[in-house]
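Report on the structure given below.
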Amino acid sequence: MTPWLTIIGVVPLAGALVVALLPKGRDLLAKQVALGTSLVVLALTIAMCLDFSTAKDAPRFQFVQSYDWIKAFGVSYSVGADGIALVLIALIAVLVPVVLLASWDDVEKLDADPASATGKDAPLSLRRSVKGFFALLLVLETMMIGVFAATDVFLFYVFFEAMLIPMYFLIGTYGGPRRSYAAVKFLLYSLVGGLLMLAAVIGLYVASTRQGPGTFSFEALAALDMSHFTQGWLFLGFFIAFAIKAPLFPFHTWLPDAGAESPTGGAVLLVGVLDKVGTFGFLRYCIPLFPWAAREFAPYVITLSVIGVIYGALLAMGQKDMKRLVSYTSVAHFGFIGMGCFAFTTQAGTGSVFYMVNHGLSTGALFLVIGFLIDRGRSRLISDYSGIAKIAPTLAALFFVSGLSSLALPGLSTFISEFLTLVGTYTRYPVAAVIATTGIVLAALYILLVFQRTMQGPLSTAHAHLKDLRGREVAALAPLLALMIFLGFYPKPVTDVITPAVQATLQDAGTTDPTPTQLQSK
Amino acid sequence: MPTDIQAPSIAYLPLLPILIVFGVAVVGVLIEAFVPEQLRRTSQVGTALAGLLAALGSVIYLAEEGTRRLVAEAALAIDGPTLFVQGTLCVLGIGSILMLAERRLDQSGGEVVSQAANLPGSRDDVALAESTRVQTEVYPLAMFALGGMLLFPACNNLLLMFVALEVLSLPLYLLAGLARRRRLLSQEAALKYFLLGAFASAFFLYGVALLYGYAGSVDLGDIATATAQPGKSDTLLFLGIALLAVGLLFKVGAVPFQAWTPDVYQGSPTPVTALMAACTKVAAFGALLRVFYVGFGTAGWDWRPMMWVVAILTMVGGAVLAVTQTDVKRMLAYSSVAHTGFLLVGVIALNRNGLSGTLFYLLTYGFTTIASFAVVGLVRDSSGEATHLAQWAGLGKKSPLVASVFALLLFALAGIPLTSGFMAKFAVFKAASEGGATALVVVGVIASAITAFFYARVVVLMFFQEPSVEGPTVAVPSMLTAVTIALGVAVTVVLGVFPQPVLDLAGKAALFVR
């Protein structure tokens, strides 16, 4: 068997090393190497996905590798992918080249911006490093793949925490005016959650030593028999970490700052992938490892999720800053995903995993379009724009499609996931599903309002010189939009991969669907 | 009729590392007396390094032999923990000596003043700052301190432990007062350290006396036997443990005995601070582990509640106080207080994993710390080291390499995965959780989060802020400091990714001879 996951994980790291070691001044080469590396990863990931078996008797985890790493702690280097991890890794592989392409000149522009503290005339040595930016993005890719591929809780934790460092530098070095505040806030929120999880990871290990040799292996831990008291506390340790990461209301306050101040490419990966680690963690760790606690806490989690759906949407409507707006829409979307995870039905689970993928595509596209707009208009405020569609029709059109995808228009993939999540939740928690549905209406409001204010109306003279999207920018957006439309009409390849993994998760949780569902192939 | 006094038979071989280092220290004194001035520095540094290497070699030899025995009438225990600590100390000692020998950073050649007794601020004293005269007594002083440190964790007899404590402390009091620049601060540091240290030693000695009253012996083995027997005076035992703990906790810098740490760390010459922060802590924890595991191991119920309180205060207090610091050395001082708290969590575990985890933590912490102080010594302006945090703004743009190295070390201190600091923290927290101290682990992770805040703040300063025009420059070190930094960084990274061999070593070493 090909060790796909290790190869895919190592390639970006090697690419990052090459980029970092290139001599000074070879910026273009650095960009090309980085893009090339990410395309290689994409090609390898496609090959891996084709190799993934969806046969009925296929094992849950495929491409499994396991080697002893730290014997003294009972830690192993164990990787493997179930359907959920596979689609998320595929999402990373798609997003990274898109982000690299979209951020091609971002660092130079940042330094050329007179508002930036370095300024145009800054000596070369004080300018931001271009290859540093691209190397950090590639390192981040390795960490993100690792976090989804790990099947050893310790290894997962290592990636979970180590992932923060490249993102921290991306925000802090290449971000907007309040970047250092946002970077520190991001780091500290995540670290606090991560460290609580560390206590829980240790607790889990100690619990495992009471029933045999201590281990961090996911499958061994999932089979563990724990008291309700232990489960409750350990669940909370993991849950808070993931809820901060996701972010679920009321742990979301870091996201608008981090999302708004990151460079656009960083924001896409932050909201598109990093945050998914939280909801992925719900499904992979919180529910199978602590089934009793997960069932017990589910109503509370669903309540928080529904509050997040409404609260995020309302706040998004009130934002003046476009990047903050998109960040708040994500809070609403993560409410949907969290609700789907804890509804304990196959439909809702499949829907929420598919939602994770679609949210990565649609919010990624939205962030990129807005990033292109901000790049031209030099302002993040909605009120600074008007009538842009007249001079930049392509930008406006792509903005519109991305926006529609964010509000889950039928025909786009987001609709399917949102629908599945709501239907799946309804069978168990009808009230929650009904309230969450109003979130769709609110979504239409916040997206269409921002589109109307910026793209339509009279064109202000200040923006008369504004240019439409360039080829490179369209090329970056095109794959995302194509995937959204394709999966909107034909989601089967993805849902087929997800469903067995979700069913296995529900089995671990000891729950069954309350009513027979459409997707369950009998 | 006079009775014959039996001379104790002493096996000298297990004492070889200690004897070598003391021997080299004495040779150092002779060099001061007989070698002409221009050759002194070279010969001092050469002998010191050769001595430490030889000591390291003999430690490795003894460890290979599997030495586990009481020597000198059970006054000294040469066993796994002793040898592990001694080996760590030898390597860290080499790093400290290399830093002391560095001449390129300060334009006048060296961090140490040539005549420490001048009145601070007087004309003679001001002239000294620029004087190129070199003083070389620091090397024998450092070697005596290191000798005491090698002896300290090996003591199985409380009276001998007191002697070791004094042998390691007295040279350090002197060394603290030898900074070339900011003389007043340095002298204050020396005096503070001496006065408080003397108090702590007195407490220690009083504790020894009470324990003698309790057990009728100052031998740790006898005390352990006594604690297992019923019908003894618990008052003497409790008071004895408490007073003894004061002396030891002072040396490791635990709250509420930490007050000296920031002042002394800030005022001492940076190489001496590195020696204190890395080596003293390792040695003192070696002794602390022996006292509490061997002497009071069976009386765990009597001292663990007290240690819980101290550990919590130390972790939280160190972390919170560090947040408010504006000086790099003071911040690292409080961070070392917080780390003392994490180490105490390992001590409280009171099981074999706790012992091996603490030993592993000591090693990783020592290397990370010594490299951090070496980096601090590189950042300078016209008046010497630029230790004010505001001066570090934008360092990442001026000298990316130094700033990246420092950021890595700070992340290791914060316990971010893929650095040795994470593995070490994990080892002690895991052991404590296994030992039933889960609540302590929760406090520990919260304190870790607070420490992460101020480490991250320094990274923000270095990388995310613009450098000021008249900011400090980064001096290019000679091989001496570069080797120290490289060693620290290499250990930090390698043990963060492949800690297994050293964890095995610590695991094998983690057995006291009784």
Side-chain angles (χ1 to χ4, degrees), chain A residues 68-75 116-119 122-123 125-129 132 143 154-155 157-165 168-169 171-175 179-184 187-207 209 214 233 237, chain B residues 353 356-357 360 394 396-400 407-408 411 414-419 422-423 425-427 429-436 438-439 441-453 455-457 459-461 463-467 496-507:
Chain A
D68 277 334
W69 178 22
I70 311 170
K71 267 213 186 109
F73 297 161
V75 171
S116 152
T118 29
S125 61
L126 292 190
R127 293 208 190 138
R128 291 174 178 78
S129 154
M143 304 279 178
F154 186 95
L155 185 67
Y157 180 79
V158 165
F159 283 122
F160 184 83
E161 290 277 71
M163 193 169 69
L164 303 176
I165 303 302
Y168 170 72
F169 280 108
I171 301 177
T173 311
Y174 303 98
R179 56 180 185 273
S180 69
Y181 167 77
V184 171
L187 185 74
L188 288 184
Y189 264 72
S190 310
L191 269 183
V192 168
L195 286 165
L196 288 177
M197 189 167 103
L198 177 64
V201 168
I202 293 172
L204 198 58
Y205 175 82
V206 173
T209 55
W233 283 108
Chain B
N353 278 345
S356 69
F360 181 72
K397 282 186 181 149
K398 281 191 192 160
S399 40
L408 174 79
F411 283 135
I416 303 283
L418 301 179
T419 64
F422 169 71
M423 295 296 173
K425 224 175 237 178
F426 189 84
F429 285 174
K430 181 169 84 74
S433 198
E434 284 165 342
T438 311
V441 174
V442 174
V443 177
V445 296
I446 293 171
S448 300
I450 305 175
T451 62
F453 173 72
Y455 295 128
R457 207 180 50 167
V459 177
V460 166
L461 271 173
F463 285 94
F464 306 160
Q465 290 191 2
E466 302 307 323
V497 184
F498 298 110
Q500 184 61 43
V502 179
L503 278 169
D504 278 345
L505 206 62

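Chain letters run A, B, ... following the sequence lines, proteins first, then strands; residues in each count from 1. This structure is a prediction, so every number in the text was calculated from the model and none was measured.
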Legend entry - Which of A/Ile171, A/Leu164, A/Val192, A/Thr173 touches chain B most, by non-hydrogen pairs under 4.5 Å: A/Thr173
Legend entry - Near-ring test A/Phe73/B/Phe422, centroid separation under 6.0 angstrom: no
Inset, instruction - Go through the atoms of A/Val206 and report whether side chain, backbone, both or neither lie under 4.5 Å from a heavy atom of chain B. - result: side chain
Legend entry - chain B contact via A/Phe169 - side chain, backbone, both or neither, heavy atoms under 4.5 Å: both
Inset, instruction - Name the region of A/Tyr205, side chain, backbone, both or neither, that has any atom closer than 4.5 Å to a heavy atom of chain B. - result: side chain
Inset, instruction - Heavy-atom pairs under 4.5 Å with chain B are the metric here; pick the option from A/Thr209, A/Ile165, A/Val75 that has the most. - result: A/Ile165
Legend entry - Option among A/Leu188, A/Leu191, A/Leu187 that satisfies the side chain to side chain contact (heavy atoms under 4.5 Å, CB included) test with B/Phe453: A/Leu188
Legend entry - Proximal component of B/Ala414, with respect to chain A [non-hydrogen, under 4.5 Å]: neither
Legend entry - Short side-chain to backbone donor-acceptor contact, A/Trp69 and B/Val497, under 3.5 Å: yes
Legend entry - Interatomic spacing from CG in A/Leu195 to NZ in B/Lys425 - rounded to 0.5 Å: 7.0 Å
Inset, instruction - State, with a plain yes or no, whether a side-chain heavy atom of A/Val184 is found less than 4.5 Å away from one of B/Val459. - result: no
Inset, instruction - Tell me, out of A/Gly172, A/Gly237, A/Ala199, A/Ser129, who's got the most heavy-atom pairs with chain B below 4.5 Å. - result: A/Gly172
Legend entry - Which atom of A/Ala72 lies closest to which atom of B/Lys430, heavy atoms considered: O-NZ, 4.0 Å
Legend entry - Validation row: A/Asp68, B/Gln500 side chains within 4.5 angstrom (heavy atoms): no
Legend entry - Contact leader toward chain B among A/Phe160, A/Phe159, A/Phe154, where contacts are heavy-atom pairs under 4.5 Å: A/Phe154
Legend entry - Side chain proximity check, A/Met143 to B/Leu418, heavy atoms < 4.5 angstrom: yes
Inset, instruction - Examine whether an atom of B/Thr438 lies under 4.5 Å from a heavy atom of chain A, and if so say whether it belongs to the side chain, the backbone or both; otherwise answer neither. - result: neither
Legend entry - Check: A/Tyr168 ring centre within less than 6.0 Å of B/Phe464 ring centre: yes
Legend entry - Interface residue of largest heavy-atom contact number with chain A, from B/Ala506, B/Ser356, B/Ser433, B/Pro501, under 4.5 Å: B/Ser433
Legend entry - Centroid-centroid distance, A/Tyr157 to B/Phe426, less than 6.0 Å: no
